Structure formats: structure tokens, C-alpha cells
Amino acid sequence: MYLAIEDALNSKHPLKNIVEKVLHNIRLSVSDGIHLYESNDLALLGSLAQFVREQKAGSKYAKYVYYINNMHLNPTNYCVETCRFCSYANIKTKSYTWTIEQVLTKVKAASEFGITEIHMVGGLNPDCDLNYFTDIMKVIKNEYPNIHLKAFTAVEIEYFAKLHKLSYETVLTRLIEAGLGSMPGGGAEIFNETVRQKMKVKKTPAVTWLKIHDIAHKLGLKSNATMLTGIGENIEHKIEHLNYLRNQQDKSGGFLCFIPLKCYYEGTDIKDEVTEPTGYDLLKDIAISRLFLDNFPHIKAYWVQLGEKIAQIAINFGADDIDGTIFEERITHAAGTKTPLNLACKEMEELISTAGFIPCQRDTLYNQVKIGQDSLLLNC
Ligand code: V47
Ligand code: SF4
């Protein structure tokens with residue numbers, strides 16, 4: 001048992017009731033979630049989250065931290081939307097759209113490093129319709145049948161449905177036929193409408209985002225979920241967001257992983273209107289999501305946004321995954337993150353093992369690809 005947990009149990013700690021609930025596997029209420037955010041006892045939050053993560057993994061896997069050998073593919077940054085926190089879309093930078101040949105060149109380069117996943121998302125571009133993407137996917141799958149395509153946020157699915165006047169089911173079914181393997185968790189931002197209006201987020205409100213994931217799960221796809229912080233939200237908005245996700249997971253059960261995201265501001269005009277999350281806040285998001293989202297198997301410490309050092313602390317605060325090698329991430333780098341554009345498998349493994357854990361390379365669906373630190377043996 002962690003010392004911080006024992007101390008809380010043996011004292012009049014304000015979180016004692018919540019500690020007892022966690023230890024007895026009792027679901028936390030919305031007000032419990034808010035109390036956790038109000039607490040500054042970071043050691044206790046981290047210990048509780050780590051306790052839950054270990055219980056969930058079981059003793060055999062308690063020390064495993066997952067990563068994936070993957071690439072990010074963003075075929076177009078032209079976007080009809082104008083979300084104020086976004087530096088990636090054409091509004092602020094020059095727009096580009098890749099041809100199928102350009103896409104294939106990039107995939108070929110990454111495939112030589114043994115990637116098992118392509119994470120593909122992009123702007124909402126009328127020239128890049130369903131046919132553009134199904135053509136890309138078919139060509140990739142034809143050439144690289146073993147690479148998993150994790151692609152399209154619910155925002156893009158909503159856009160294709162509007163563009164082609166099709167139902168979400170039909171859009172998703174066509175994408176599955178073309179090789180879609182799962183969906184990433186982006187585009188959720190913060191579900192709260194007041195924050196969304198200030199940030200000029202006109203796309204995909206909570207009900208639609210959740211509906212699309214619900215349909216995807218019913219069609220047999222797994223997906224992820226995110227929450228973007230540092231865009232003017234408060235702790236009630238965060239717990240409201242997590243509660244939406246927990247309720248959806250109760251219904252459809254297809255979420256694999258939750259990823260708290262942190263906004264970077266370069267190229268945006270929002271910095272003076274919002275509070276930038278501190279290191280403390282980022283670790284609270286990791287720990288509290290582990291505690292509140294009792295039905296999510298995995299919590300990801302996205303090293304690209306957290307930075308390698310906070311990611312290492314986060315895997316001691318309830319996270320069991322640090323994402324991937326991500327050849328050429330563009331969205332957060334456009335907004336100013338200073339993390340490298342990619343890390344080799346060897347560096348991912350070092351990051352995990354120097355934090356005291358066992359690196360485990362996984363595939364998109366969390367099947368174990370390789371355990372331990374021997375990537376040098378692979379072409380990786
Ligand atoms: O949806 C937009 C966010 C998301 C900024 O599912 C920004 O495994 C920071 O969803 N600063 C895309 N963030 C990233 C994403 C993701 C990443 C890694 C793994 C997975 C997964 C999903 O990035 C967008 C948006 O919420 N974003 N602008 C910005 N300025
Ligand atoms: Fe477009 Fe997505 Fe950027 Fe919004 S966050 S402007 S929808 S690319």
C-alpha cells in the first residue's frame with residue numbers, strides 16, 4: 001500500500017471518504033471528481049491512481065508501460081472550420097494537400113522503421129472527400145496489409161456525412177470496407193458549450209461526437225477519447241467531460257484509451273484569455289482521469305505534449321501508455337511544442353525503463369508486440 005494512502009486513511013484527510021471508495025472499487029461521483037481536482041495533495045492523487053492502474057493490470061502486467069511504433073499522417077491542413085486554438089489548419093499557416101503518391105512516399109519511408117500503425121487525421125477539406133480518403137486507404141492497405149489504420153476523428157466523420165449527405169453508419173461502413181481499423185480520440189476538445197463558443201468551436205457538439213463513437217463501437221471498431229485543456233475550461237467542465245465519456249463507455253464499451261491533451265498557443269490569439277495548465281494540472285488530469293474513468297482500460301501520457309520528463313512522472317500517476325514514435329507529428333508542433341518530431345523505439349524504451357517500468361511495444365489494439373528493451377535487434 002502506498003504511504004500517502006495509508007496516511008490519508010489514518011487521519012482526518014478531506015479525501016478520506018474518496019480514498020475508501022477507491023480502495024473498495026466504488027464508482028466516484030461527479031462531486032468526488034471535483035473534490036479530487038480541488039485537492040492539492042498530488043502525492044495522494046498519484047498514489048491512488050497508481051493503485052487503481054496496478055489493480056486493473058493485475059500483478060503480471062502492473063509494471064508494464066505501453067508504446068507503439070507508429071506514424072502520424074496528416075494529408076491536408078486545409079480546413080473549413082476556424083477553431084481558435086488550432087495552429088495546424090490553413091487559417092494560420094499555408095495550406096497543403098498531398099496526392100496519393102506523396103502520401104505513399106511518406107508511408108514507405110516510415111514503413112522501413114517497422115511501424116505497425118498509421119494515425120491519420122486532417123482538416124475538413126471539400127477537396128478531400130470520402131473518395132479521396134478511401135482511395136488513399138486502399139492503396140496503403142494493398143501495399144502494407146499489416147499496418148493498422150487508426151484514422152478520422154468524429155469531426156471528420158460528421159463532415160463526410162454532411163458533404164455526401166450520408167448517414168454516419170454509411171460513412172463508417174465505407175471506411176471500414178476501405179481498411180479502417182479503429183478511430184483516434186481527437187476532436188472532443190471540451191464538451192462544455194460555453195467554452196466551445198468562446199473558442200469558436202462550431203463542429204461536432206458532445207452529443208454528435210458521442211453518437212459517432214457509439215455507432216463506431218456498434219460496428220465493431222475500437223476508438224479513443226481525448227480532452228483538450230488550457231482553452232478556458234474549469235474543473236467542473238473537466239469532470240462534466242469525463243462524465244460524458246464514462247456514460248458512453250457504459251453504453252458501448254469500445255473506448256480503449258483516454259488521452260488528456262494540453263493546448264500549445266503559438267500561432268493562436270487565445271493565450272491572454274486562458275490559463276495555461278501547470279505541470280501540477282497535467283498530472284492531476286492523468287491521475288483523476290484514471291480514478292474517474294473506471295471503465296477505461298488505458299490512460300495515455302502523450303509525450304509529444306507533456307514532454308518526455310512529465311510523461312515519465314505521469315506513468316507513476318496512473319498512465320500506462322506514452323503513445324508512439326509518431327514520425328512527423330504536425331498538429332502540436334504547428335502550435336509550438338518543443339518535443340522532437342519523433343522518437344525511435346529505443347528512446348521510448350529508455351524513457352519507460354529509466355522511470356522504473358518495463359517497456360512493452362503494443363499494437364493499436366493493445367496486443368503485446370515485444371516486451372523489454374531489445375529494439376536494437378529490430379529494424380526500429
Ligand atoms: O483533436 C488542436 C488537439 C487533437 C491544438 O487517439 C491541439 O491515440 C495542442 O487527438 N495544441 C489531435 N493540441 C491529437 C489527438 C491525439 C493525439 C495522440 C493520440 C491520439 C489517440 C489522439 O489535438 C485535436 C485537438 O484536440 N489540438 N490544436 C493545439 N494548439
Ligand atoms: Fe479544423 Fe480541427 Fe483545426 Fe478545428 S481543430 S480548425 S476542425 S483542423
Side-chain angles (χ1 to χ4, degrees), residues 66-68 70-93 95 117-125 128 148 150-159 181-191 195-196 199-204 209 213 216 221-231 233 241 245 255-271 274 276-277 282 296 298-306 311 319 321-326 329-339 362-366:
Y66 296 99
Y67 77 93
I68 186 162
N70 69 346
M71 81 178 287
H72 279 207
L73 189 64
N74 308 120
T76 179
N77 74 337
Y78 181 87
C79 189
V80 295
E81 288 292 342
T82 53
C83 309
R84 289 182 62 206
F85 49 74
C86 179
S87 308
Y88 163 72
N90 58 291
I91 332 151
K92 288 124 188 171
T93 54
S95 72
E117 172 191 275
I118 296 173
H119 175 156
M120 179 169 72
V121 291
L124 309 177
N125 180 347
C128 298
H148 180 108
K150 178 178 87 177
F152 309 113
T153 63
V155 175
E156 291 162 276
I157 303 299
E158 181 191 37
Y159 183 68
S182 65
M183 282 172 66
E189 323 309 1
I190 275 274
F191 288 139
V195 181
R196 291 170 85 87
M199 289 294 120
K200 294 207 165 47
V201 180
K202 295 186 214 105
K203 63 191 185 187
T204 334
W209 193 97
H213 282 262
L221 291 179
K222 297 290 182 192
S223 69
N224 293 337
T226 56
M227 171 174 76
L228 182 62
T229 65
I231 57 171
E233 74 290 344
H241 189 98
L245 294 176
F255 290 119
L256 284 176
C257 176
F258 173 72
I259 310 125
L261 299 173
K262 167 210 185 305
C263 194
Y264 281 78
Y265 304 120
E266 206 172 293
T268 77
D269 64 357
I270 63 172
K271 195 170 186 337
V274 299
E276 182 168 7
L282 300 175
F296 272 61
H298 304 285
I299 303 291
K300 191 182 281 184
Y302 184 37
W303 69 267
V304 175
Q305 294 196 346
L306 294 179
D321 189 337
I322 57 169
D323 201 58
T325 49
I326 57 128
E329 195 277 344
R330 284 171 179 259
I331 296 172
T332 318
H333 283 90
T337 184
K338 299 291 179 258
T339 49
R362 62 166 175 88
D363 67 11
T364 309
L365 304 176
Y366 286 84

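Order of listing sets the numbers, starting from 1, for every ligand and every atom in it. Every value quoted in this text rests on a predicted model; they were computed, and no experiment measured them.
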In terms of atom number and element, which parts of ligand 2 are under 4.0 angstrom from non-hydrogen atoms of Lys203? 2 (Fe), 4 (Fe), 5 (S), 7 (S)

Under a 4.0 Å N-O cut-off, is there an ion pair linking Glu81 with Lys200? no

Are any side-chain N or O atoms of Thr364 and backbone N or O atoms of His148, one a donor and one an acceptor, separated by less than 3.5 Å? no

Output yes when Glu233 and Arg196 qualify as a salt bridge under the 4.0 Å nitrogen-oxygen rule, no when they do not. no

Kindly determine whether His298 and Phe258 satisfy ring-ring contact (aromatic ring centres under 6.0 Å, His included), including the steps that lead there. CA-CA 6 Å; His298 304 285; Phe258 173 72; over 10 Å; no

How about Lys222: does its NZ atom have over 12 heavy atoms from other parts shown lying under 6.0 Å from it? no

Find the distance between SG (Cys86) and CG (Asn77) and round it off to the nearest 0.5 Å. 8.5 Å

Pairs of nitrogen or oxygen atoms, one from ligand 1 and one from the protein, closer than 3.5 Å: please tabulate them with distances.
residue, atom, partner, partner atom, Å
ligand 1, 1 (O), Gly187, N, 2.8
ligand 1, 6 (O), Gly185, N, 2.8
ligand 1, 6 (O), Asn224, ND2, 3.2
ligand 1, 8 (O), Lys150, NZ, 2.8
ligand 1, 8 (O), Asn224, ND2, 3.0
ligand 1, 8 (O), Lys300, NZ, 2.7
ligand 1, 10 (O), Gly186, N, 3.4
ligand 1, 11 (N), Tyr264, N, 2.9
ligand 1, 13 (N), Gln305, NE2, 3.2
ligand 1, 26 (O), Glu189, OE1, 2.5
ligand 1, 30 (N), Phe85, O, 2.8
ligand 1, 30 (N), Tyr264, O, 2.9

Only counting residues at least two apart or in another chain, list the ones meeting side chain to side chain contact (heavy atoms under 4.5 Å, CB included) with Lys271. Tyr265, Glu276

Is atom 3 (Fe) of ligand 2 under 2.8 Å from any N, O or S atom of Cys86? yes

Polar side chain donor-acceptor pair, Asp321 to Tyr302, under 3.5 angstrom: no

Under 4.0 Å from a heavy atom of Glu81: give me the atoms of ligand 2 that qualify, with their elements. 1 (Fe), 6 (S), 7 (S)

Test of understanding: given a 4.0 Å heavy-atom threshold, classify the contact between Cys79 and ligand 2 as side chain, backbone, both, or neither. side chain

